[in-house]
Asks: 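The structure that follows is given in the form of structure tokens.
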Number of protein chains: 2
Amino acid sequence: MSHQRLDIATAVRAHGHRLTPQRQIILDTLCEMGGHVTVAALYEQVSGRFPAIDRSTVYRGLDFFAELGLVRATDVGGAAVYEIAGPPEANGHAHHHLICRDCGFIDHVSGEAFNAFAGRLRREFGFAVDVEGLTIYGLCRECNEGAAA
Amino acid sequence: MSHQRLDIATAVRAHGHRLTPQRQIILDTLCEMGGHVTVAALYEQVSGRFPAIDRSTVYRGLDFFAELGLVRATDVGGAAVYEIAGPPEANGHAHHHLICRDCGFIDHVSGEAFNAFAGRLRREFGFAVDVEGLTIYGLCRECNEGAAA
DNA sequence: CTGAGTGCAAACGCTTTGCAGACAG
DNA sequence: CTGTCTGCAAAGCGTTTGCACTCAG
């Protein structure tokens with residue numbers, strides 16, 4: 001489940017960039033935390049272990065990895081959320097987010113359910129949905145059951 | 001297509017609030033501009049005619065009307081976008097946004113296409129999509145044809 | 001009259017940027 | 001060595017808030 005450092009070093013250098021300790025730490029931490037992580041949460045974690053690392057470095061590092069395609073960025077209510085990007089051949093073709101308005105939990109939705117919907121939007125509206133364009137707010141199963149009125 | 005002032009005055013007073021000139025101007029302007037309007041754009045317009053009106057008043061006014069259900073707020077990339085809310089019986093039960101990543105145009109999607117999708121999410125993920133929860137990014141018909149590779 | 005609403009100005013949270021120094025290659 | 005990257009500090013953006021004053025009811 002963890003990223004292989006060598007591959008990453010290769011990927012980074014392939015683009016003519018450098019693999020600094022800071023970047024390794026940022027990526028490692030994001031990987032350890034798993035799932036979707038706020039910049040704030042990630043910085044807190046990183047900063048706990050390496051207080052010298054600056055917030056701006058975290059932002060720049062995440063941005064950098066996002067451009068390399070190693071992490072994925074999502075905008076949630078004005079704040080950025082990052083996650084490790086799975087290998088393209090795994091589930092890369094459909095990656096959308098279900099965000100629980102109560103507990104903030106973020107899940108993925110992919111596959112048929114979405115494709116059928118996207119197909120209709122293209123047919124009926126001529127609208128081509130982005131591969132990563134869907135962010136759906138609502139109540140997850142737990143919060144939904146908890147809030148049963 | 002325009003809102004009736006008397007009804008609005010009634011609605012406002014019914015909640016024990018006041019219908020000030022500023023609020024009328026804000027609502028009028030939003031109504032005239034039509035469709036989805038940025039706070040920045042709305043303020044610019046309002047400010048052009050009534051320079052004394054403050055940005056914060058626009059924010060508070062929009063917030064106020066949103067609570068009354070007269071306008072609808074949507075978050076687009078960290079900035080708020082407002083629109084006149086149609087009467088509940090018209091299309092109130094399904095109101096979602098298609099946002100073009102190129103030209104920024106915002107359209108609505110409602111009805112079957114969405115309901116089928118929402119139904120599947122509920123069945124397969126136990127996730128209850130918000131009535132206003134969908135914001136879909138992609139390319140609208142025009143931009144899609146223009147960018148034909 | 002009286003308190004809901006306003007304008008002003010300052011602060012907020014998240015993110016970005018300019019710069020001089022540091023270090024991966 | 002050299003130019004990418006870092007830390008620092010400051011600014012930027014959209015938005016919110018505290019305050020005394022004003023005006024709709």
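So you know, we letter chains A, B, ... as the sequences are listed, proteins then strands, and number each from 1. Only a predicted model underlies this, so the values are computations on that prediction, with no experimental measurement involved.
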Asks: Before giving the answer on side-chain contact (heavy atoms from CB on, under 4.5 Å), spell out for B/Val81 and B/Ile106 the whole-Å C-alpha distance, their side-chain angles and the decisive distance to 0.1 Å.
Replies: CA-CA 10 Å; B/Val81 166; B/Ile106 304 181; 4.0 Å; yes
Asks: Does B/Thr20 make a side-chain N or O approach to OP1 or OP2 of C/dT6 shorter than 4.0 Å?
Replies: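 Yes, because at least one side-chain N or O of B/Thr20 sits under 4.0 Å from OP1 or OP2 of C/dT6.
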Asks: What is the separation between atom CD on A/Gln24 and atom P on C/dC23, rounded to the nearest whole Å?
Replies: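 That distance rounds to 15 Å.
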Asks: Can you tell me if B/Arg72 uses its side chain to pair, donor with acceptor, with the backbone of B/Ala66 under 3.5 Å?
Replies: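 Judged by distance alone, no pair lies under 3.5 Å.
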Asks: A/Asp75 CG to C/dT16 P: how many Å, rounded?
Replies: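 Distance check: A/Asp75 CG to C/dT16 P gives 10 Å.
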Asks: Please evaluate the base of D/dG3 for a donor-acceptor partner in the side chain of A/Arg18 within a cut-off of under 3.5 Å?
Replies: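 Answer is yes: a donor-acceptor pair is held.
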Asks: Flag the pair B/Glu44 and B/Arg55 as a salt bridge only when some basic side-chain nitrogen lies within less than 4.0 angstrom of an acidic carboxylate oxygen.
Replies: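 Salt bridge flag = no for B/Arg55 with B/Glu44.
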Asks: May I ask you to evaluate whether A/Gln22 reaches the phosphate of D/dG7, defined as a side-chain N or O under 4.0 Å from OP1 or OP2?
Replies: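 True: A/Gln22 side-chain N/O within range (under 4.0 Å) of D/dG7 OP1/OP2.
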Asks: Between A/His17 and A/Phe64, does the ring centroid distance fall short of 6.0 Å?
Replies: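 Ring centroids of A/His17 and A/Phe64 are less than 6.0 Å from each other.
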Asks: So, A/His108 versus A/His97, ring centres under 6.0 angstrom or not?
Replies: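 Ring centroids of A/His108 and A/His97 are less than 6.0 Å from each other.
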Asks: Counting only non-hydrogen atoms, which of residues 36-60 of chain A are less than 4.0 Å from DNA chain C?
Replies: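 Listed by number, they are A/Val39, A/Arg55, A/Ser56, A/Tyr59, A/Arg60.
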Asks: In this structure, how many angstroms lie between the P atom of C/dA4 and the CD atom of B/Glu67, rounded?
Replies: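 About 14 Å, once rounded to whole Å.
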Asks: Tell me whether A/Ile53 is reachable from A/Tyr59 by hopping between hydrophobic residues (I, L, V, M, F, W, Y) whose side-chain heavy atoms are closer than 4.5 Å.
Replies: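 They do share one cluster, since a chain of ILVMFWY contacts under 4.5 Å joins A/Tyr59 to A/Ile53.
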